[in-house]
Amino acid sequence: MLWMEKFKKSKFRIFKTFLISKFVFINGIISIVVLGLILAFLIYNSLKFFSSYPFFDFISGTRWSPTVNEKFGFVPLMVGSLEVAFGAILIAVPLGIGVAIYIGELAPRLVRETLKPIIEVLATIPSVVLGFIGLKTVVPFVKNIFSLSIGLTALSGSIILAFMSLPTIISISEDAINAVPNGLRNASLALGANKWETTYKIVVPTASSGILAAVMLGLGRIIGETMAVLMITGNSPRIVFSWLQPVRTITATIAAEMGETVQGGLHYSALFGIGLVLFLVTFLTNFTADRFVNRIRNII
Amino acid sequence: MSNNIKIKVKNYGFYYGKIKVLSDITMDIEQNTITAIIGPSGCGKSTFIRTFNRMNDLIANSKVTGEVSVDGINIYKNNVDVVELRKKVGMVFQRPNPFPKTIYDNIAYGPRLHARYSKQKLEHIVEDSLKKAALWDEVKNKLHTNALELSGGQQQRLCIARVLAVNSEIILMDEPASSLDPISTQKIEDLIDELKENYTIIIVTHNMQQAARISQKTAFLLTEKIDEPARLIEYDDTNKIFTNPGDKRTENYITGRFG
Ligand SMILES: Nc1ncnc2c1ncn2[C@@H]1O[C@H](COP(=O)(O)OP(=O)(O)OP(=O)(O)O)[C@@H](O)[C@H]1O
Ligand SMILES: [Mg+2]
């Protein structure tokens, strides 16, 4: 009978919906499991290091010389990472927000519609490529401008990292600016504000949590970045408080030294240890950023 | 009742790009009067009302022909300061659009744009504007909470207060109550009626009863044929328009015998 056919069909549809929702659910579970496994793997492999090397010496040690005298002081790497990251933030945040405001609010439509896709493509350039470009352009530039003997410095790393995070910061900030309801702009203009006043008194504050999320996500990229900084920061694991000296970040250390270690050895385990630290920091940054992004989605 | 003329519109026409949507409108708008603009959807009421504070300037390729004078000054002359114009001619939108700031900062936004006031002076302006907008009693204890927490009707009165705070003389309202419940609408109507003592009000409305209830003058716009601009069919005392319209088309429209 015909209506029976229909009934069957709708049953199939229900089954399909069930499958799809299960599929999404399973994907979610898988990613959580994978994340958990990574964490477990990091902990497992760094266990040897944390159990045999005094934690205090690790966290406050000022020397990282794993091969010469088995010193695993975390401070130089942390300072290196912070220096490079901080410099990158200093460059990328104002620049990124500025460009986003220009594209989102002030640029003529044609400029906006050309720039936006270009910027989104820039975000996909692999960091090795950017590192190489940085090596050929930023490094000599820094060397010449500050007349240094070597251009492989924290500053060079900051510049290239800033470039790397800019597309993320710009494109998400611009989304946030775009999401500001036009009614608010009109209300402000109708009260006699000009375009600029409307932009910085109404649009930017309204988009601020989105802009903050953009900055956090950009930050996530900066902190987790390896190849580019490995290539151009000079790779010197000493504590230096100058942007014009070579430094070494956590990620660069892992990448540079992993090949030379004995699997299962203390050095090997120590690299997993700093990897664990990095994992937690990156996870927290992205987690926070994500919560911001969600909050904005809920508002708009 | 022969009032002073506040706004003069002469042979006014409006184009979106090449498309002419309004044509040949000539009318005088009286001071301290509520003028209602009525007409079918899409005939250009919003376009027309946005003429008076030059909000249409924001639309690329739009063009105005003819003359619109406020207090004797043609506002489409090159040397007119749009900021000054918009201080004088405030606007209330169809959807309440308070800024996502505190109630206080919403009201203070306009004054702060145009001058540096002392804290006391600003507080005075805020209180005064909220009182005029019949909102003070409801919000006086929560001036520093976010305006978005207010109800839709309160938000709309806040938007009116925001306009009053910059000392406007003319208030444009584009269907200010169309998104509100009947009680909030009633409050807005009462408020508009009170405001006419000191302000010149132009209001677009879809609601015939509303136009009849609150306005003294009514203008009826109509697009007669598709692809033709809308024209001013009739402009007269509201009483006359609703009891004894001079034009058959007006009569058809207000009695609902219209598409
Ligand atoms: N920005 C714009 N660009 C081009 N055409 C527009 C624009 N805004 C409005 N129009 C057109 O102009 C005409 C008048 O629009 P307007 O919004 O002024 O009508 P309205 O009388 O306010 O309608 P409603 O009663 O539905 O609010 C319509 O045909 C509309 O499609
Ligand atoms: Mg309209």
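By convention in this document, chain letters (A, B, ...) are assigned in the order of the sequence lines, proteins followed by strands, and residues within each chain are numbered from 1.
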Within a strict 4.5 Å, meaning less than it, do heavy atoms of the B/Ile203 and B/Ile49 side chains meet? no
For the residue pair A/Leu189 and B/Val82, establish whether any side-chain heavy-atom pair is separated by less than 4.5 Å. no
Quick one: donor-acceptor pairs under 3.5 angstrom, chain B versus chain A?
residue  : atom : partner  : partner atom : Å
B/Asn97  : ND2  : A/Gly183 : O            : 2.9
B/Lys101 : NZ   : A/Lys201 : O            : 2.9
B/Tyr109 : OH   : A/Ser188 : OG           : 2.7
B/His114 : NE2  : A/Leu191 : O            : 2.8

May I ask you to decide if the ring planes of B/Phe48 and B/Phe52 are parallel, tilted or perpendicular, using 30° and 60° as cut-offs? perpendicular
CE (B/Met173) and CD1 (B/Ile34) are apart, to the nearest 0.5 Å, by 8.5 Å
I'd like to check the salt bridge (charged side-chain N to carboxylate O under 4.0 Å, His left out) partners of B/Lys121; sequence neighbours left out, ordered by chain and number. none
Please name the pair of heavy atoms, one in B/Ala147 and one in B/Leu158, separated by the smallest distance, quoted to 0.1 Å. CB-CD2, 3.5 Å
Just give me the residue among A/Pro181, A/Ala193, A/Pro205 that pairs up with chain B most often, heavy atom to heavy atom, under 4.5 Å. A/Ala193
Determine yes or no for a side-chain-to-main-chain donor-acceptor pair under 3.5 angstrom, with B/Thr205 supplying the side chain and B/Asn207 the backbone. yes
Side chain, backbone, both or neither: which part of B/Leu58 has a non-hydrogen atom closer than 4.5 Å to chain A? side chain
Against chain A, label B/Pro98 side chain, backbone, both or neither, depending on which of its atoms sit under 4.5 Å from a heavy atom there. backbone
